[in-house]
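This report concerns only the one structure given below.
So that the names make sense, note that chain A is the first sequence line, chain B the second, and so on, each numbered from 1.
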There are 2 protein chains.
Amino acid sequence: MSNSIYTYAITVPSTLGYALLGLLARHARTGYELTQALRAPIGYYWTASHSQVYPELAQLEEQKLVAHRVIDGPGPRDTKRYRITPAGRRAVAVWAVRPPDAAHNRDQLMLKVYSMWTADPVRARALVVGQRDAAAAMLRHYGEIERSMRQDHGELLDDPTTPQFSSYATLRRGLGFERHAVAWCDWLLAALTGEKPAPPEPE
Amino acid sequence: MSNSIYTYAITVPSTLGYALLGLLARHARTGYELTQALRAPIGYYWTASHSQVYPELAQLEEQKLVAHRVIDGPGPRDTKRYRITPAGRRAVAVWAVRPPDAAHNRDQLMLKVYSMWTADPVRARALVVGQRDAAAAMLRHYGEIERSMRQDHGELLDDPTTPQFSSYATLRRGLGFERHAVAWCDWLLAALTGEKPAPPEPE
DNA sequence: TAGCACATGTAACTCGTTACATGATTTG
DNA sequence: CAAATCATGTAACGAGTTACATGTGCTA
């Protein structure tokens with residue numbers, strides 16, 4: 001059947017695959033629980049729906065990076081609890097320190113701002129106010145998470161070999177990101193309102 | 001043939017379509033020139049390859065938001081210069097101030113950091129150093145652009161009705177973003193090296 | 001008893017990338 | 001004369017979203 005030794009292509013996990021391995025490296029979960037983790041906390045920087053998760057888990061299992069055990073069944077299908085294999089654990093560890101693919105930071109808001117000069121200034125202001133409020137809300141939310149992390153763990157947040165440290169590092173990035181987003185919105189709002197620092201010629 | 005008045009679905013431009021309209025709102029361009037703009041400056045927050053641009057232009061033309069005129073031909077096909085129509089201009093202006101779709105900020109680096117605790121600390125450090133340097137290089141690059149913008153235009157950067165203002169606003173976001181990225185990498189590097197602020201119990 | 005959380009899967013579709021394809025003009 | 005730039009298009013594929021599909025157990 002085969003006319004080549006390359007008939008079977010070697011497949012490496014997709015980015016989603018590594019995201020799932022990273023979650024399973026912490027503890028075993030069902031596909032459903034993995035999907036939930038892809039809303040929060042992973043959802044803050046990577047999302048996926050369950051329709052992507054289940055096929056990906058099947059692929060990871062084919063590659064022997066995860067394994068599952070049936071635990072029980074509330075619905076028409078079995079409930080499967082997945083755990084990471086030693087090979088899977090090695091795969092995440094290697095992937096985690098390889099430089100990421102040159103990231104194209106898709107930011108729809110920037111695209112809109114790029115064309116904002118064509119729009120109604122009143123509506124432009126409203127958009128920026130809304131974005132500012134959303135960023136401020138996220139900032140508060142992250143602040144609450146930080147407080148509870150400091151309380152629950154504490155010492156662990158200083159040790160880079162703990163999963164808590166890794167979580168904390170991503171949280172700090174989120175905090176800085178939203179803090180800057182708010183500051184930028186405030187600057188833009190001032191500029192849109194026409195607050196010039198000491199204009200030489202008065203109207 | 002038709003059993004419904006809804007046979008013809010109304011189609012609105014995709015995000016890429018609006019990106020193209022935003023570029024054409026500034027001045028007329030060929031598909032090739034639009035593709036180049038989608039590397040820089042738009043490429044800093046939105047990318048697309050020419051294989052996406054040409055079909056999208058055809059769709060925008062079908063929707064009467066752009067129009068083209070053949071100018072000459074170096075290759076086997078005609079060279080087409082596209083300009084925005086009044087309807088296209090109205091479409092961008094409206095889109096620009098509508099809240100963006102709830103953005104899922106995909107950040108592969110954060111995903112890697114989330115699993116960094118499983119990895120070799122030496123390689124982890126190397127990854128973060130590399131990311132820090134890349135962010136610092138971008139920061140310098142944006143700084144140069146800012147200087148040339150201030151020189152070329154200057155007054156215009158204070159007027160929200162000019163395209164230069166819009167460009168400047170996105171640039172400022174980039175500057176803040178990279179500045180924070182560098183600071184965060186520095187923090188992470190210190191944490192990975194094990195610089196604790198006055199540890200109570202010595203080893 | 002209606003709705004939600006739990007739990008897993010498939011199908012259709014859009015978006016985006018890489019590769020295929022062609023060919024003139026300019027530059028080293 | 002080889003390579004890059006200009007210039008436009010199609011095809012195949014992978015990634016991601018929304019909708020379709022099923023069914024249990026708990027709670028308001």
What's the [atom1]-[atom2] distance between [X] and [N], to the nearest Å?
X: B/Arg106; N: D/dG14; atom1: CZ; atom2: P; answer: 17 Å
X: A/Tyr82; N: C/dT8; atom1: OH; atom2: C1'; answer: 9 Å
X: A/Glu56; N: C/dT8; atom1: CD; atom2: P; answer: 16 Å
X: A/Asp78; N: C/dG9; atom1: CG; atom2: P; answer: 8 Å
X: A/Leu20; N: C/dT8; atom1: CG; atom2: P; answer: 13 Å
X: B/His68; N: D/dT8; atom1: NE2; atom2: C1'; answer: 12 Å
X: B/Leu38; N: C/dG16; atom1: CG; atom2: C1'; answer: 12 Å
X: B/Leu57; N: D/dG9; atom1: CG; atom2: P; answer: 8 Å

inquiry  = Do the side chains of B/Arg81 and B/Glu33 get close enough for a salt bridge, i.e. N-O under 4.0 angstrom?
reply    = yes

query = Is B/Glu144 salt-bridged to B/Arg140, cutoff N-O under 4.0 Å?
reply = no

Give the nucleotide from the list [options] with an atom nearest to the side chain of [X].
X: A/His50; options: D/dA19, D/dT17, C/dT17; value: D/dA19
X: B/Arg77; options: D/dG9, C/dT8, D/dG16; value: D/dG9
X: A/Tyr54; options: D/dT18, C/dG9, C/dG16; value: C/dG9
X: B/Thr79; options: D/dT17, C/dT17, D/dT8; value: D/dT8
X: A/Pro76; options: D/dT8, C/dA7, C/dG16; value: C/dA7
X: B/Gln36; options: D/dC6, D/dT17, C/dA7; value: D/dC6

inquiry  = Taking the cut-offs as 6.0 angstrom to the six-membered ring centre and 45 degrees off its axis, would you call A/Arg173 and B/Phe177 a cation-pi pair?
reply    =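 Judged by the rule (NZ or CZ under 6.0 Å from the ring centre, within 45° of its axis), A/Arg173 counts as positioned above B/Phe177.
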
message = Counting distance alone, no hydrogens or angles: does the base of D/dT18 have a donor or acceptor under 3.5 Å from a partner atom on the side chain of A/Ser51?
response =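 Indeed, a donor on one side and an acceptor on the other fall under 3.5 Å apart.
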
query = If you take atom types as modelled and just measure distance, does the side chain of A/Thr30 reach the base of C/dT8 with a donor-acceptor pair under 3.5 Å?
reply =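 Absent.
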
query = So which one's nearest nucleotide on DNA chain D is more toward 5', A/Ala48 or B/Glu33?
reply =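 Residue closer to the 5' terminus by nearest nucleotide: B/Glu33.
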
Position toward the 5' end of DNA chain D (nearest nucleotide), A/Thr15 or B/Ile71 =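 In this pair, the answer is B/Ile71.
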
ask   = Do B/Tyr142 and B/Tyr44 have their ring centres less than 6.0 Å from each other?
value = yes

Answer yes or no: does a side-chain N or O of [X] lie under 4.0 Å from OP1 or OP2 of [N]?
X: B/Gln52; N: C/dC15; answer: no
X: B/Thr35; N: D/dC6; answer: no
X: A/Tyr32; N: C/dC6; answer: yes
X: B/Ser49; N: C/dA19; answer: no

query = Between B/Gly22 and A/Ser115, which heavy-atom pair has the shortest distance, and what is it?
reply =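 So the two residues come closest at CA-OG, 3.2 Å.
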
Closest contact, heavy atoms only, B/Ile84 versus B/Leu65 = CG1-O, 3.5 Å

